[in-house]
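Here's the structure we're looking at; comments come further down.
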Amino acid sequence: MDESLFETPAGTLKVRNAREDDIPRLIEVYARAFPGLIETDELWQPDQLQSHIEIFPEGQFVAELDGNIVGAASSLIVNLGKDPLRPHTYYGITDDGYFYNHDYQGDTLYGADVYVDPKVQRAGIGNALYSRRRDLCRKLNLRRILSGGRLWNYEKYASEFSPQEYVARVQAGEIHDQVLTFQLNQGFVVRAVMPNYIRDKRSQDHASLIEWLNPDYQSNRDEDSKVRVSCVQYQMRRLTSFEDFEAQVKYFVSTAADYKSEFVLFPEFFSVQLLSQMDPATSQEGIRKLAECTDRFINLISGLAREFGLYVIAGSHPVMEGDKLYNKAMLFRPDGSYVAQPKLHITPSERIAWGITGGNELMLIQTPKAKVGILICYDIEFPEAARYLAEKGAEIIFVPYCTDNRQGFLRVSLCAHARAIENQIYVVTAGVVGNLPDVPVMDIHYGRATVYTPSDFEFARDGIQAQSDANVETMLVTDLDISDLYRSRESGSVTPVSDRRRDLFEFKSYLRNSFEKRGVERSVVTDSEES
């Protein structure tokens with residue numbers, strides 16, 4: 001636990017990173033510090049504070065006196081592009097208070113909140129919290145700290161002054177504002193006044209945009225923007241036991257770890273190899289027998305992710321839910337936890353031979369190095385799903401696939417490349433190779449692991465970052481520079497992300513957003529909505 005001690009008039013103050021068990025006390029302190037926000041229902045909710053701790057634990061601080069929490073500060077990292085001082089709202093900059101837009105590649109630490117128990121205000125607690133925030137900015141080599149400060153006393157002067165005049169008088173020392181005066185004393189500079197920033201009666205919804213520039217900032221952060229991915233070109237072969245499968249999978253995960261990869265991608269349906277040791281009567285019976293191995297499959301990949309400390313996109317595996325069978329890709333985190341993305345679009349052979357049902361949800365997953373999504377094989381051939389993820393902020397889309405011939409491979413690969421170009425994202429693909437002569441529907445395979453990029457100067461000549469030889473068992477390893485995506489979007493030869501004719505074409509989705517723990521934005525259509 002990262003702790004600092006400060007001597008204050010109230011005694012020795014300890015500032016440390018927030019923990020999950022602090023949440024009830026944090027809500028109590030916040031309610032006392034900002035009682036007016038109870039009326040507008042703007043108090044922190046437990047799931048929001050939980051999200052802050054899970055997404056960016058280094059940026060969440062609590063202050064303790066004699067073991068009691070008396071204050072706290074929360075922050076996230078944002079990327080505001082070429083215009084970091086542009087107006088914004090509190091709800092937009094904090095992603096409705098959940099911090100799911102936290103961007104490891106950003107250069108700005110955004111101060112979402114600082115609050116102190118009124119019983120111990122003016123005892124140096126705010127000073128200590130701001131000091132820790134500046135230390136964090138220096139430690140992470142971020143360019144600045146930005147924040148929106150409530151105009152605490154503006155309600156009293158609204159009939160006399162505009163918000164801009166009020167701020168000018170506070171800066172001149174003619175008016176004392178509990179928030180802004182303190183921030184100015186902390187070395188912040190007012191850059192603008194933002195209307196409609198937050199629902200707050202005292203501020204008449206206004207806020208000052210304040211900035212602190214890091215004097216120690218070093219501009220070269222290229223290495224921090226690199227993400228190393230490994231794509232497993234997995235060969236299907238006959239097995240005699242689950243242990244054979246375990247050994248083959250472990251070999252690739254351990255090798256990816258040896259190469260210091262952060263992500264390793266397996267192909268779609270690579271677990272169907274297990275059917276070679278079974279003797280099902282029909283293809284539908286076989287796929288359901290394989291679904292019975294789900295718990296063992298999860299335990300295997302979860303254990304490997306923990307053992308080797310990387311993210312594993314475990315291709316896809318059939319999962320029974322009630323009387324429905326889904327094809328799901330599971331992303332396992334380094335702590336062994338996972339989320340499962342179902343395949344949305346089901347091919348005729350999957351539907352007829354196996355009875356697989358299409359899923360109805362898309363997930364954007366926040367990881368320390370990049371925001372990622374998963375589209376399974378056929379899904380990448382439909383531009384709407386990739387567009388949806390890209391508009392949510394996806395920087396990498398992983399595509400595990402299983403194709404039996406060159407035509408199928410080309411459908412996936414050409415569409416994957418198109419999605420990379422039109423959305424200015426990376427698309428990482430991996431497919432199975434080899435044969436399973438005794439397993440129905442999985443006889444032969446054609447695969448060639450490839451990583452696709454936008455087509456512009458920042459990237460490889462053909463818009464292909466890396467590509468394996470076709471139809472041999474191997475693993476493709478490459479580094480992706482996330483900052484290149486943003487340079488391309490801002491100043492590329494073409495900028496399709498910003499040049500879309502939204503006045504002519506409308507993108508409509510029936511998905512509904514919800515936020516889950518562990519940095520997952522889940523968008524789903526319920527059964528009732530589908531009907």
Side-chain angles (χ1 to χ4, degrees), residues 1-6 13-18 49 51-63 71-86 88 90 92-95 97-116 124-150 179-192 194 197 207-226 366-370 482-483 486 519:
M1 182 67 67
D2 190 5
E3 298 179 351
S4 299
L5 298 180
F6 298 85
L13 182 76
K14 179 168 72 174
V15 179
R16 59 170 174 80
N17 292 122
L49 294 176
S51 178
H52 303 173
I53 293 168
E54 291 175 342
I55 289 176
F56 186 37
E58 303 96 319
Q60 319 312 317
F61 300 121
V62 298
S74 57
S75 58
L76 67 157
I77 299 174
V78 296
N79 189 332
L80 297 173
K82 290 184 175 180
D83 187 13
L85 303 180
R86 64 180 182 268
H88 53 265
Y90 186 76
I93 201 73
T94 65
D95 213 349
Y98 285 89
F99 294 5
Y100 283 108
N101 59 323
H102 168 71
D103 188 349
Y104 182 84
Q105 308 302 333
D107 65 355
T108 298
L109 185 67
Y110 196 88
D113 231 332
V114 172
Y115 47 101
V116 175
I125 294 167
N127 289 333
L129 290 167
Y130 268 72
S131 175
R132 280 300 303 268
R133 187 178 275 169
R134 288 191 294 269
D135 289 345
L136 178 65
C137 185
R138 291 188 178 98
K139 176 182 176 182
L140 298 179
N141 190 35
L142 299 174
R143 188 184 296 272
R144 64 176 63 81
I145 300 174
L146 280 183
S147 189
R150 297 180 180 93
V179 174
L180 181 55
T181 300
F182 173 78
Q183 292 166 332
L184 294 172
N185 291 336
Q186 292 294 317
F188 282 82
V189 175
V190 176
R191 299 302 189 189
M194 299 183 292
Y197 178 75
S208 59
L209 176 60
I210 58 170
E211 181 184 37
W212 178 83
L213 291 171
N214 177 7
D216 301 323
Y217 173 71
Q218 300 293 321
S219 62
N220 185 9
R221 300 180 67 243
D222 288 345
E223 289 303 313
D224 291 342
S225 68
K226 297 288 180 63
Q366 172 78 61
T367 72
K369 283 295 190 76
I482 302 300
S483 63
Y486 292 96

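Keep in mind that the numbers below use all heavy atoms, side chains included, and drop hydrogens, waters and symmetry copies. What you see is a predicted model, and the numbers here were worked out from it, not measured in a lab.
- Across all their heavy atoms, V116 and G126 have their closest contact at CG2-N, 4.1 Å.
- Using a 30° and 60° split on the angle between ring planes, Y130 and F182 fall in the perpendicular class, above 60°.
- Note that the OH atom of Y104 and the CG atom of L76 stand 15.0 Å from one another [nearest 0.5 Å].
- Every residue meeting the side chain to side chain contact (heavy atoms under 4.5 Å, CB included) condition with D216, not counting sequence neighbours, appears here in chain and number order: R138, N214.
- The side chain to side chain donor-acceptor pair (under 3.5 Å) search around S147 returns none, not counting sequence neighbours.
- Using a 3.5 Å distance cut-off with no hydrogens or angles, the side chains of N17 and E58 do not pair a donor with an acceptor.
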Run Q183 and S208 through side chain to side chain contact (heavy atoms under 4.5 Å, CB included) and show every step you take. CA-CA 10 Å; Q183 292 166 332; S208 59; 4.2 Å; yes
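- Side chain of K14 to backbone of E3: no donor-acceptor contact under 3.5 angstrom is found.
- Residue S4 comes nearest to R132 through the heavy atom pair OG-NH1, 3.2 Å, listed as atom of the first residue, atom of the second, then distance.
- With contacts defined as side-chain heavy-atom distances shorter than 4.5 Å, the pair L146/L209 qualifies.
- Of the possible polar contacts, one joining the N101 side chain to the I93 backbone as a donor-acceptor pair under 3.5 Å is found.
- Counting heavy atoms from C-beta on, the side chains of R144 and P84 come closer than 4.5 Å.
- Closest approach of V179 and G149 over heavy atoms only: CG1-CA, 4.3 Å.
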Set out, in order, the CA-CA distance, both residues' side-chain angles and the distance that settles side chain to side chain contact (heavy atoms under 4.5 Å, CB included) for Y90 and D113, then state yes or no. CA-CA 10 Å; Y90 186 76; D113 231 332; 3.9 Å; yes
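- Side-chain atoms of Q105 never come within 3.5 Å of backbone atoms of I482 as a donor-acceptor pair (strictly under, hydrogens ignored).
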Would T108 and I145 count as a side chain to side chain contact (heavy atoms under 4.5 Å, CB included) if you check the C-alpha gap in whole Å, the side-chain angles of each, and the deciding distance to 0.1 Å? CA-CA 6 Å; T108 298; I145 300 174; over 6 Å; no
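- In this structure, the ring of Y110 has its center less than 6.0 angstrom from the ring center of H88.
- With H52 contributing its side chain and G97 its backbone, the two residues share a donor-acceptor pair below 3.5 Å.
- When all heavy atoms of V190 and I210 are compared, the pair lying nearest together is CG2-CG2, 4.2 Å.
- Considering CG of L109 and SG of C137, their distance stands at 5.5 Å, rounded to 0.5 Å.
- Judged purely by distance below 3.5 Å, without hydrogens or angles, the side chains of S75 and R133 never pair a donor atom with an acceptor atom.
- Distance check, rounded to the nearest 0.5 Å: CG of D103 to CD of Q366 gives 7.0 Å.
- Shown here for I77 and D107, the closest heavy-atom pair between the two residues is CG2-N, 4.5 Å.
- Note: R16 CZ to L5 CG = 12.5 Å, rounded to the nearest 0.5 Å.
- Atom CD in Q186 sits 11.0 Å away from atom CH2 in W212 (nearest 0.5 Å).
- Note: L80 CG to L85 CG = 8.5 Å, rounded to the nearest 0.5 Å.
- Summarising the geometry of A128 relative to L13, their closest heavy-atom pair is CB-CD2, 3.5 Å, with the distance given to 0.1 Å.
- Partners of F61 under the ring-ring contact (aromatic ring centres under 6.0 Å, His included) rule, at least two apart in sequence or in another chain, do not exist in this structure.
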